[in-house]
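Inspection log for the structure reproduced underneath, given as structure tokens.
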Amino acid sequence: MSFIQIPSIFRSPSFGNSIRDWAAIIAGIAIYAIGFTVFILPHHIVIGGMAGFSTLIYYATGGLLPVAVVMYGTNIILLVCGYKYLGKGFVLRTIFGTTMLSMLIGMVEGYFTSHPPLVTSTPMSVMMGGVLLGLGIGIYYSHHGTTGGTDIVAAIMAHKTDVSMGRVMMIIDVTIVALSFFLPFDGDMEARIQARTETIIFGLLAIVLYSWLADKYIAQEKQTIQFIILSEKWDEMAYRITHETGRGATVWDAQGYWTGNEKKMMLVWCRQVDTYNIFRIAHEIDPTAYVTTSTVRSVYGNGFDRLKIKKKQ
């Protein structure tokens with residue numbers, strides 16, 4: 001009997017991780033599109049980012065330019081202008097992200113802008129939309145996805161100036177929301193101030209909500225856990241951890257003080273998502289093994305975060 005030889009790339013941990021990353025990016029973008037199109041857009045609320053900018057153009061032109069078209073076109077222009085500052089990987093991920101997000105929004109925005117809001121209460125709708133936006137952003141960012149927009153502008157500004165990306169994005173988002181005051185309005189100035197102040201407040205609250213949730217999600221996903229394992233079966237355990245989770249293991253000599261026996265101690269760094277599998281492997285191989293875990297503030301290097309140090313001018 002002959003067996004089909006599976007290429008090594010499909011058996012490697014990195015291949016499985018890449019499949020999970022792409023699936024998570026797609027899911028995150030879909031959640032973001034639902035939160036924005038279903039809960040934010042129908043209430044004429046302008047939020048931050050490219051979605052907010054596209055909403056401004058949509059309402060300023062009386063619906064002549066759809067949100068999805070403005071979003072996609074502006075992102076492509078920004079990518080062309082800032083290509084040399086962004087890097088090939090960022091550009092390719094952005095093209096994929098903005099294409100998918102624009103397609104999803106374009107498929108449903110016509111229905112939700114021409115029908116009554118699904119949730120008639122504006123505060124409840126904004127809250128629900130903010131939660132979905134934050135969850136979506138957190139999911140696709142933590143798996144190295146991006147939809148462009150203000151990220152592109154912030155990346156270029158951070159490269160050209162000493163202003164951080166976070167501060168640039170905050171300034172842009174607040175400016176976009178504030179500009180919604182000048183959208184077409186039927187009524188005198190007093191009525192405009194009253195109506196627009198309310199929508200601006202809702203837009204700012206949405207920004208605070210989804211930014212906070214996205215930060216919490218990303219921080220949780222990027223949290224690094226340190227394992228220290230003491231076991232007689234360290235060799236088998238290290239092999240399975242390395243091949244099943246893709247995480248490396250460092251082994252060094254140790255000696256028991258009371259018994260004087262020579263032992264091997266193993267150190268493993270991993271993300272929060274990998275902890276269950278490492279616990280499972282340790283328990284299956286040696287239920288009597290000593291296993292300790294601790295939270296590590298940050299790990300820089302291959303497979304973790306990249307150390308970025310801004311050069312002094």
Nearest 0.5 Å, what's the [atom1]-[atom2] distance between [X] and [Y]?
X	Y	atom1	atom2	value
Leu213	Leu133	CG	CG	9.5 Å
Cys270	Asn277	SG	CG	9.5 Å
Ile229	Ile281	CD1	CD1	9.0 Å
Ser294	Phe227	OG	CZ	9.5 Å
Met237	Thr242	CE	OG1	12.0 Å
Leu118	Ser125	CG	OG	7.5 Å

Are [X] and [Y] joined in one hydrophobic group, where the rule is that I, L, V, M, F, W and Y side chains link up if heavy atoms are under 4.5 Å apart?
X	Y	result
Leu92	Val80	no
Met107	Tyr111	yes
Ile200	Met189	yes
Ile26	Ile137	yes
Ile105	Leu65	yes

Single hit among [options] for side-chain contact (heavy atoms from CB on, under 4.5 Å) with [X]:
X	options	value
Val67	Leu41, Ile57, Leu56	Leu41
Tyr72	Ile76, Asn75, Val69	Ile76
Met266	Ile228, Asp235, Val291, Val251	Val251

Contact between [X] and [Y] at the side-chain level, heavy atoms closer than 4.5 Å - yes or no?
X	Y	result
Ile34	Val108	no
Val46	Leu183	yes
Arg192	Phe181	yes
Val131	Leu209	yes
Tyr58	Thr113	yes
Gln226	Thr293	no
Phe39	Ile45	no
His283	Phe279	no

Worksheet item: Would Thr199 and Arg196 satisfy side chain to side chain contact (heavy atoms under 4.5 Å, CB included), going step by step from the backbone distance to the final call?
Response: CA-CA 5 Å; Thr199 57; Arg196 292 295 183 227; 4.1 Å; yes
Under 3.5 Å: donor-acceptor pair, side chain of [X], backbone of [Y]:
X	Y	answer
His43	Val119	yes
Ser180	Val177	yes
Ser211	Val208	no
Thr74	Met71	no
Gln255	Asn261	no
Thr275	Gln272	yes

Practice prompt. Could you tell me whether Glu232 and Lys263 make a salt bridge, using a distance below 4.0 angstrom between a side-chain N and a carboxylate O?
Written response: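 Salt bridge flag = yes for Lys263 with Glu232.
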Worksheet item: Is it true that Arg280 and Glu244 have a side-chain N and a carboxylate O under 4.0 angstrom from each other?
Response: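 Yes, charged N to carboxylate O under 4.0 Å.
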Nearest heavy-atom neighbours spanning [X] and [Y]:
X	Y	value
Ala68	Ser102	CB-O, 3.2 Å
Ala33	Leu104	CB-CB, 3.9 Å
Gly149	Leu78	O-CD1, 3.9 Å
Gly130	Ile40	N-CD1, 4.4 Å
Ile25	His143	CD1-O, 3.3 Å
Tyr217	Ser142	CE2-OG, 3.6 Å

Worksheet item: Ile278 and Val268: side chain to side chain contact (heavy atoms under 4.5 Å, CB included), yes or no, with the steps?
Response: CA-CA 9 Å; Ile278 294 177; Val268 179; 3.9 Å; yes
Discussion item. Before you tell me yes or no, could you show the steps for Tyr210 and Ile47 under side chain to side chain contact (heavy atoms under 4.5 Å, CB included), namely the whole-Å CA-CA distance, both residues' side-chain angles and the distance that decides it to 0.1 Å?
Written reply: CA-CA 10 Å; Tyr210 69 67; Ile47 59 174; 4.3 Å; yes
Item to complete: Could you go through the side chain to side chain contact (heavy atoms under 4.5 Å, CB included) check for Phe36 and Thr55 one step at a time?
Response: CA-CA 10 Å; Phe36 171 72; Thr55 305; 3.2 Å; yes
Practice prompt. Assess the side chains of Thr147 and Tyr140: does a donor N or O sit below 3.5 Å from an acceptor N or O?
Written response: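 Checked: Thr147/Tyr140 side chains pair up, N/O donor to acceptor below 3.5 Å.
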Taking atom [atom1] of [X] as the centre, does the number of heavy atoms from other residues, nucleotides or ligands within less than 6.0 Å exceed 12?
X	atom1	answer
Met100	CE	yes
Asp186	CG	no
Phe185	CZ	yes
Glu198	CD	no

Worksheet item: With a 6.0 Å cut-off on ring centres, are Tyr59 and His44 close enough?
Response: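 That pair passes the under 6.0 Å test.
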